[in-house]
Amino acid sequence: MDIPKTYDPREAEQRHYARWEEQNCFAPEINRDANAPVFSIVIPPPNVTGSLHMGHALQHTLMDVLARHKRMCGYRTLWLPGMDHAGISTQLVVSRELKKEKLSRHDLGREKFIERVWQWKHESGGQITKQMRREGASVDWSRERFTMDEGLSRAVREAFVRLYDEGMIYRGDRIVNWCPNDQTVLSDLEVEKVPVERGGKLYYLRYPLKTTDGGSRHLTVATTRPETMLGDTAVAVNPADARYLDLIGATLLLPIVNREIPIIADEYVDAEFGTGAVKITPAHDPNDYEMGVRHNLPQVVVIDQFARMTEAAGADFFGLDRYKARELVLAKFEELGLLEKVVDYEFSISKCERCKTVIEPLISTQWFCRMDELRRPALELMASERRPRFTPETPYEKVYTDWLENLRDWTLSRQLWWGHQIPAWHTSDGRVIVARSEAEARAKAGTDELTQDPDVLDTWFSSALWPFSTLGWPDETEDLKTFYPTSVLVTARDIIFLWVSRMVMDGLKFMDGSPFADVFVTGTVLDKHGQRMSKTKGNGVDPLDVFDKYGVDATRLTLASIGSTDTRWNDTQVESYRNFANKIWNAARFSLMNSEGATIGSGFEGEPASWALHDRWILSRLNRAAQSVDSALAAYDFYAAVQTLYHFFWDDFCDWHIELTKRDVTSDEATPERAAARSRLVTVLEQALRLLHPFMPYITEELWQRLPGVDERLLHTAYAGAQPTVMLTAYPQARIDLIDERAEWEMQMVIDLIKRVRNIRSELSLKPSEEINIIVGTTDERLQSLFGAESLGQIKRLTRAASVAVRPSLEGAPRASARAVLGAGVEVAVPLEGLIDFAQERERLNREREKLQKEAAKLEAQLSNPQFAERAPAEKVNETREQLADIAGRIQALSEMQEALV
RNA sequence: GGUCGAGUAGCUCAGCAAGGCCAGAGCGUCUGUCUUACAAACAGAGGGUCAAAGGUUCGAAUCCUUUCUCGACCACCA
């Protein structure tokens, strides 16, 4: 048996994924149990332009842990992968490529350009799917989907037509967020508010009153965008503002353009802000637009789609960039003596989330979706059933609900070429026909003279259908019936609105049920300074580098521990899990080096009571761990699950169980006892590998395959007939009957004794080679036989003691002994003639005693408080009394030990 | 402006929803070990007035209030 001393992750990572994939282990069809429960997850489809970052790695790890766990529990498990066509991003990527050839998309024309995008997709898109294989993600590649697939495109058209027919989608002129750089409209969610850089200014402009008597009164308005005054069609004041009561209804003469505009009254105006008078530009400001609608004000468009001034802005301004126009307007006001003042003012402006260009609000004809009827069922579902159930519940449940409550109409159209073209056709006589296909449109229109609407849909329109469009909707496929609704959605928090809420609304609309029961929101991986990792900052850590350096399994454990917490990334964490992987490797190495004659699943015959203490103990610990992991995963507490597994494997199994069992399994004689001990060891190891598998798929598979005699009989019954693999074994379910409190207590006493003696060895600087003798004083008969017989050999071996004498007390132990207290009534002495410095030893015991005395003082204070006995539960009071008694006993013992040293 | 979260050992984080088991883990630190699975290890040790101040309670890291410091999200005050 030649197993290297160090685990090499790369080898295992290369070996197993391809085999799992070839043998169809990831497909739900691998499950042969007709009555198997179903578990399904759809992946949040990454952008086809994207490459793997830590956020993906985090999500994927959590989803994979859940999927592998459920699969091992016998669920018919589907984790469906796929990608999003990512309209703007992808169009930009390909446009950039074209630019290298000195071409623009317009040179190619729409059709050729789209062909080019598909070509790009096939050649360079979807990097991320290759990277997901490295992660070990157990997704069913046979069901991989892309939002621009024909099937999903059909779903998009179907959904659009249905919503249109029900009057929820409409086309109209409204003020929208326009990106002058990308030349498209954007939804509110694609716009970000950023504090204006280099300090904002608020400009106070005077507008002269039109008077018949030639007077020179004026009204001052405050604005952050002076250039828009060219499009002003009114000035508004609050109807309750006493200062302006007499001016309501009067007329102003708009400077520079000399247009007559009215002074109107509107509740919207805040009298406290600025001068209490607001210039109204209905064509270039969302609020002014609303007010314009209320007051029937004309809309004068002075800025065009390139953010340049239009002809309507006047000859002096025509063609000027908006910011140049601002300077010119200010100069002219200055010249006219109408610029009252300029003050510093901090405010935020809207920018295109993608290209950071300042948004220009423009009136334009777009497609919109009314959200009222869509959101109502979602809000009702949350109110009545609290679905979907968010983890963590705070703040996400509230964030989600608040957003739905304040939702406004969704701008659906985009002026792009890459995406789902809107299924609407225009007739030459100006009618608009919405249909599932051009043929259907022709039939509806009664003419063949149709032009399809050039716009495409917001990428998120197709994403919103993802949980059912990927399963075949609108057809009633088997997959749809089986896997919808999905079990849980795992996602980052930044797309709760963009994606999660819209999936819920569309799921309720088209499938009559929420697309998932639970939503798990992952934390954010931050850099060491607590900053978000981002491409522009260049502070990201590449998961692939981490995989290379520490292995996939170690990285997965780190990510699983992160769960829903925002965490600063640090390599040392991964390093410690790499060490853990190596620990597993070596524990297996030891087991395998001593596995001749061993059979997995045997060695535990007969009644548990007949087994050795350490065997009862490890099974108790194993089942306890299984229980903890199970409840942790049910609560999506990945951190707790990892901690449990880590400490079970390292502390219980490696540090104690392997050590306790070492002599039996390494014995030179091939006795039946040795074979049984070896069988028990590999049996426990095999169970441990199963427990670890969802978190550490590679190392567990690598080692499992090396275990003696692994074959298809070890598989979960649902996977009968599959090739042997740990990923299709049954996940260990806690057997309550094997959780043995008594055995755990007894084992703990043995462990404590060994630790006490080791502590003495260390404090007195005894060489490891130096043999000692141990005297234990206790009147407890069980402990007497435990220390004196049952565990005697183990205690001797693990403390390197020549003898262990068990007596009712330490009385008569040599004066020159190091002593310690295990608990009330259990004491230990190690005779060390010539090695004990009595003063030092007394001091050591004194330190111990002082610690205990502090504790005792606390408890005494508590007990002497009459209120405590009165108000605290009796159980608590008793517990405290017992504690104090125990401590008092130990203090007493320590005092006597000190006296014995005098 | 609104809403919410976080501040616990040198570092990264648990614990807090249902208050009581001397406040936990990993890494780092100190001491000693190549004890035939593992030095990426083993054995042992030290380290925190749980951001600050009040309050509720027999009892608070955990509940309440205020303050300070970070952070996130939402927002139509020009």
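Every chain is numbered from 1, with letters handed out A, B, ... down the list of sequences.
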*Lys193(A) side chain: which of C76(B), C4(B), G20(B) is closest?*
C76(B)
*Looking at every strand, decide which applies to Asp270(A) at a 4.0 Å heavy-atom threshold: base, sugar-phosphate, or nothing.*
base
*Given that Ile887(A) and Gln867(A) both sit by RNA chain B, which one's nearest nucleotide is further toward the 5' end?*
Ile887(A)
*Measure from the side-chain heavy atoms of Arg568(A) and tell me the nearest of U12(B), G20(B), C73(B).*
U12(B)
*Taking CD from Glu405(A) and P from A75(B), how many angstroms apart are they, rounded to a whole number?*
14 Å
_Length of the line joining Phe648(A):CZ and G26(B):C1', which is rounded to integer Å_ = 19 Å
*To the nearest Å, how far apart are Glu870(A) CD and U57(B) P?*
14 Å
_Lys/Arg N to Asp/Glu carboxylate O, Lys201(A) vs Asp344(A), below 4.0 Å_ = yes
*C1' gap between A14(B) and C76(B), integer Å*: 43 Å
*How would you label the contact of Tyr396(A) with the nucleic acid (heavy atoms, under 4.0 Å): base, sugar-phosphate, or nothing?*
nothing
*Is it true that Arg322(A) and Glu360(A) make a salt bridge, defined as a side-chain N closer than 4.0 Å to a carboxylate O?*
yes
*G26(B), G44(B), G20(B): which one has an atom nearest the side-chain heavy atoms of Gln862(A)?*
G20(B)
*Could you give the CD-to-P distance, from Glu353(A) to C74(B), as a whole number of Å?*
10 Å
*Going by an N to O cut-off under 4.0 Å, is there a salt bridge joining Arg408(A) and Asp188(A)?*
yes
_Between Tyr203(A) and A78(B), is there a contact of a side-chain N or O with OP1 or OP2 at under 4.0 Å?_
no
*When rounded to the nearest Å, what value does the distance between C1' atoms of A51(B) and G32(B) take?*
38 Å
*asked:* Between Arg493(A) and Asp566(A) (salt bridge meaning N to carboxylate O under 4.0 Å), is one present in this structure?
replied: yes
_Shortest side-chain distance from Tyr639(A), nucleotide among A78(B), A14(B), C76(B)_ = A14(B)
*asked:* What's Gln643(A) touching, base or sugar-phosphate or nothing? Going by heavy atoms closer than 4.0 Å.
replied: sugar-phosphate
*asked:* Can you measure Asp637(A) atom CG to A17(B) atom P for me and round it to whole angstrom units?
replied: 15 Å
*asked:* Rounded to whole Å, please give me the gap between CG in Asn177(A) and P in C76(B).
replied: 10 Å
_Quick one about Thr555(A) and Lys549(A) (side-chain donor to acceptor, distance below 3.5 Å, no hydrogens or angles considered), yes or no?_
no
*Taking NE2 from His647(A) and C1' from G26(B), how many angstroms apart are they, rounded to a whole number?*
7 Å
*Looking across every strand, which nucleic acid part, if any, lies under 4.0 Å from Lys755(A) by heavy atom: base, sugar-phosphate, or nothing?*
sugar-phosphate
*Interatomic spacing from CD in Gln573(A) to CZ in Arg568(A) - rounded to 0.5 Å*: 14.5 Å
*Verify the contact: side-chain N or O of Arg532(A) to OP1 or OP2 of G71(B), cut-off strictly under 4.0 Å; return yes or no.*
no
*asked:* For a quick check of understanding: with a heavy-atom distance under 4.0 Å over all strands, which category does Tyr577(A) fall into, base, sugar-phosphate or nothing?
replied: nothing
*Which part of the nucleic acid, if any, lies within contact of Pro866(A), taking any heavy atom under 4.0 Å across all strands shown: a base, the sugar-phosphate backbone alone, or nothing?*
nothing
_Nearest-Å distance once atom C1' is located in both G7(B) and A61(B)_ = 12 Å
*Roughly how far apart, to the nearest Å, are C16(B) and C34(B) at atom P?*
43 Å
*Looking only at atom P, what distance separates C77(B) and C11(B), rounded to whole Å?*
40 Å
*Output yes when at least one side-chain N/O atom of Thr565(A) is less than 4.0 Å from OP1 or OP2 of A14(B), else no.*
yes
*With a cut-off of 6.0 Å (strictly less than), are more than 12 heavy atoms of other residues, nucleotides or ligands near NZ of Lys537(A)?*
yes
*Output the single nucleotide from G20(B), C76(B), C13(B) whose closest atom is nearest the side chain of Tyr268(A).*
C76(B)
*asked:* Has Glu11(A) got a side-chain atom pairing as donor or acceptor with Asp8(A)'s backbone, closer than 3.5 angstrom?
replied: no
*Want to know the stems of RNA chain B: at least 3 consecutive Watson-Crick or G-U pairs with distances under 3.5 Å, which are they?*
B:1-7 with B:68-74, B:10-13 with B:24-27, B:29-33 with B:41-45, B:51-55 with B:63-67
*Toward the 5' end of RNA chain B, which comes first, Ala271(A) or Ser348(A), by nearest nucleotide?*
Ser348(A)
*Classify every nucleotide of nucleotides 33-42 of chain B by which part a protein heavy atom approaches to under 4.0 Å, writing B for the base, S for the sugar-phosphate alone and - for neither, in 5'-to-3' order.*
--S-BBSBSS
*Atom CD of Glu272(A) and atom C1' of C77(B): how far apart are they, to the nearest Å?*
11 Å
*Identify, with sequence neighbours excluded, every residue that meets ring pair (Phe, Tyr, Trp, His ring centres under 6.0 Å) alongside Tyr203(A).*
none
_Once you apply a heavy-atom cut-off of 4.0 Å, does Lys398(A) come out as touching a base, just sugar-phosphate, or nothing?_
sugar-phosphate
*Base, sugar-phosphate, or nothing: which does Val269(A) touch, judged by heavy atoms less than 4.0 Å apart?*
base
*Using the C1' atoms only, state how far A37(B) lies from G20(B), rounded to an integer number of Å.*
43 Å
_Sugar-phosphate, base or nothing in reach of Val278(A), heavy atoms under 4.0 Å_ = base
*Under 3.5 Å, is there a donor-acceptor pair between the Glu190(A) and Ser187(A) side chains?*
yes
*CG of Leu845(A) to CD of Glu850(A): how many Å apart, nearest 0.5 Å?*
11.5 Å
_P gap between C63(B) and G15(B), integer Å_ = 12 Å
*asked:* Please give the distance between the C1' atoms of C4(B) and A23(B) as a whole number of Å.
replied: 28 Å
*Taking atom types as modelled and ignoring hydrogens, do the side chains of Arg756(A) and Asn759(A) form a donor-acceptor contact shorter than 3.5 angstrom?*
no
*Axial cation check for Phe590(A) ring with Lys662(A), 6.0 Å and 45° limits*: yes
